[in-house]
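Down below is the structure, laid out as C-alpha cells.
Predicted, not measured: the structure shown is a model, and the values here were computed from it.
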Amino acid sequence: MSDGADKKVAKWDPDLTRQIAGRVGPLIKRYFRAEVRDLDHVPAAGGALVVSNHSGGMFTPDVLVFAPEFYKKFGFDRPVYTLGHDMIFFGPIGDLLHRAGVIEANRENAAQALRDGALVLVFPGGDYDSYRPTFTENVVDFNGRKGYVRTAIESGVPIVPMVSIGAQETQLFLARGDSIARRLGLHRLRAEILPISVGFPFGLSVFFPPNLPLPSKIVTRILEPIDVAAEFGENPDVEMVDLHVRAVMQKALDELASERRFPVLG
C-alpha cells in the first residue's frame with residue numbers, strides 16, 4: 001500500500017470528530033427529525049464496508065445523520081471513513097475533511113482503512129444518486145458502479161447495506177441533467193450531471209445557486225451484514241453480488257417508503 005493512502009487514513013482526528021459529532025450531530029438530528037435504525041447490525045469490531053444510497057443533492061446530510069449515531073453507540077476508538085470525490089478536497093478544507101474522516105474515493109484508500117479495522121462508508125451512486133429526481137426518490141440506482149464489491153472481496157470484509165429516505169424531499173429535484181452535461185462537454189471536468197431543482201430561497205436552480213434544504217424527516221436503516229465469501233463462494237461473481245446488494249437495499253427502501261405518509265413531514 002502506498003504511503004499516500006497510509007497518510008490520509010492516519011490524519012483522522014478523533015478529538016475533532018468528537019466535536020463535530022457532539023455539536024453538529026444534534027442540530028442535524030433535530031432539524032431533520034432524523035432516525036437511525038438497527039445500528040446493532042454494524043459489526044462491533046473489524047473492518048466493514050457500509051454501502052448506502054446517497055440523497056439530498058449538494059447539502060446531502062447522510063454522513064452527519066449516520067456518523068454521530070455510530071460514535072454514540074461505539075465510541076471514538078474506531079473511525080468511520082467516508083469516501084468522497086477528489087474535487088471536494090481542494091484548498092484548506094481538504095485537511096479538515098481528512099481529519100474528520102473523509103478520504104478520497106479510491107480502492108487503495110478504502111482497502112487501507114478496512115485493513116486497519118475501520119468502518120468505511122461508500123455511496124456508489126455518488127452525485128448521480130444524490131441528484132436523482134424526487135419523483136423516483138425511492139429507487140436504488142448506482143449507475144452501474146460495482147467497484148465497492150471488488151473492494152469488499154479484496155479486503156475480505158462484509159458489506160453492510162444501508163438505506164435512507166427523506167433527503168430527496170429537501171427540495172424538488174426535477175432532473176439530473178446528464179444529457180445536458182454531455183452536450184456541454186462537462187465530462188472534461190469530471191462532471192456527469194447538471195442537476196435542475198426547485199427550492200428555497202432561490203426557486204429554480206441549475207446546480208447554482210444552491211437552495212437550502214427543507215426540514216424533511218429522514219430515516220436511515222442499517223441492514224444485516226453480507227458475508228460475500230460465505231454467500232457467494234471463494235470466487236464470487238461481482239455482478240451477482242451487486243445485484244443481491246441492490247435487491248436487499250431496494251426491499252428495505254420500499255418498506256421505509258410504505259411507512260411514509262406525507263412528503264417532508266414523513
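- Proximity of D40 to D38: side-chain heavy atoms (C-beta onward) are nowhere separated by under 4.5 Å.
- Within the 4.5 Å cutoff, the side chain of H41 has no heavy atoms near those of the M162 side chain.
- Shown are L214, L27, T170; of these, the side-chain contact (heavy atoms from CB on, under 4.5 Å) with F32 is made only by T170.
- Using a distance-only test at 3.5 Å, with no hydrogens or angles considered, no donor-acceptor pair links the side chain of K217 to the main chain of L265.
- At a threshold of 4.5 Å between side-chain heavy atoms, the hydrophobic network of Ile, Leu, Val, Met, Phe, Trp and Tyr places L243 and V160 in two separate groups.
- Using a 4.5 Å heavy-atom threshold, the side chains of L194 and V206 count as touching.
- To the nearest 0.5 Å, atoms CD1 (I218) and CD1 (I165) are separated by 10.5 Å.
- For Y128 and H54, the distance between ring centers is not under 6.0 angstrom.
- One distance of note links CG of L64 with CZ of F59; it measures 12.5 Å at 0.5 Å rounding.
- Closest approach of G233 and P236 over heavy atoms only: O-CD, 3.4 Å.
- Using modelled atom types, one side-chain atom of N211 and one backbone atom of F202 make a donor-acceptor pair closer than 3.5 Å.
- The heavy-atom pair separating A48 from R78 by the smallest distance is CB-NH2, 4.4 Å.
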>> Between D127 and R176, does the salt bridge (Lys or Arg N to Asp or Glu O under 4.0 Å) criterion hold? Intermediate values first, please.
In response: CA-CA 9 Å; D127 288 349; R176 294 184 178 97; over 6 Å; no
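- A continuous path of hydrophobic side-chain contacts links L39 to V120 [ILVMFWY only; heavy atoms under 4.5 Å].
- Taking the six-membered ring for Trp, Y148 and F142 have ring centres closer than 6.0 Å.
- Proximity of a side-chain donor or acceptor of D237 to a complementary backbone N or O of E239 within less than 3.5 Å is detected.
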>> Does L212 form a side chain to side chain contact (heavy atoms under 4.5 Å, CB included) with Q171? I'd like the steps, not just the answer.
In response: CA-CA 8 Å; L212 299 177; Q171 57 186 289; over 6 Å; no
>> Checking R221 against E35 for the salt bridge (Lys or Arg N to Asp or Glu O under 4.0 Å) test, could you report, in this order, the C-alpha distance in whole Å, the side-chain angles of both residues, the deciding distance, and whether it holds?
In response: CA-CA 8 Å; R221 180 180 167 195; E35 298 178 28; over 6 Å; no
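- Distance check: I103 CD1 to T82 OG1 gives 8.5 Å after rounding to the nearest 0.5 Å.
- A donor-acceptor contact shorter than 3.5 Å is absent between the side chain of S197 and the backbone of L174.
- Between I159 atom CD1 and I226 atom CD1 the span is 6.0 Å, to the nearest 0.5 Å.
- Using modelled atom types, no side-chain atom of R37 and backbone atom of V219 make a donor-acceptor pair closer than 3.5 Å.
- Linking ILVMFWY side-chain heavy atoms closer than 4.5 Å, directly or via other members, places I193 and L184 in a single hydrophobic cluster.
- Within the 3.5 Å criterion, the main-chain N or O of G56 finds a donor-acceptor partner in the side chain of Q168.
- The closest side-chain donor-acceptor pair between H98 and E104 falls under 3.5 angstrom.
- V65 and V24 fall within a single hydrophobic cluster, where Ile, Leu, Val, Met, Phe, Trp and Tyr are joined by side-chain heavy atoms under 4.5 Å apart, directly or via other members.
- Side chain of D62 to backbone of S55: a donor-acceptor contact under 3.5 angstrom is found.
- Although no hydrogens or angles enter the test, the distance criterion places no donor-acceptor pair under 3.5 Å between the side chain of S155 and the main chain of A152.
- Partners of A175 under the side-chain contact (heavy atoms from CB on, under 4.5 Å) rule, at least two apart in sequence or in another chain, do not exist in this structure.
- In plain terms, the two heavy atoms of I88 and L97 that are nearest each other are O-CD1, 3.4 Å.
- Checked for salt-bridge contact, E137 and R132 miss the test: no charged N lies under 4.0 Å from a carboxylate O.
- Using a distance-only test at 3.5 Å, with no hydrogens or angles considered, a donor-acceptor pair links the side chain of S216 to the main chain of G166.
- Annotation: side chain of P14 is in contact with side chain of W12 (closest heavy-atom distance under 4.5 Å).
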> Yes or no on salt bridge (Lys or Arg N to Asp or Glu O under 4.0 Å) for D254 and K251, after CA distance, side-chain angles and deciding distance?
Replying inline: CA-CA 5 Å; D254 289 342; K251 181 176 182 293; over 6 Å; no
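- A distance of 9.5 Å separates CD in Q250 from CG in D141, rounded to the nearest 0.5 Å.
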> What do the steps show when you test V102 against F89 for side chain to side chain contact (heavy atoms under 4.5 Å, CB included), and what is the final call?
Replying inline: CA-CA 9 Å; V102 185; F89 293 95; 3.7 Å; yes
> What do the steps show when you test E169 against R260 for salt bridge (Lys or Arg N to Asp or Glu O under 4.0 Å), and what is the final call?
Replying inline: CA-CA 12 Å; E169 297 168 10; R260 206 166 179 84; 3.1 Å; yes
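- Interatomic distance, CD1 of I20 versus CD1 of I28, reported as 11.5 Å (0.5 Å rounding).
- Side-chain heavy atoms closer than 4.5 Å link hydrophobic residues (I, L, V, M, F, W, Y) into clusters, and following such links, possibly through other members, connects L172 to F208.
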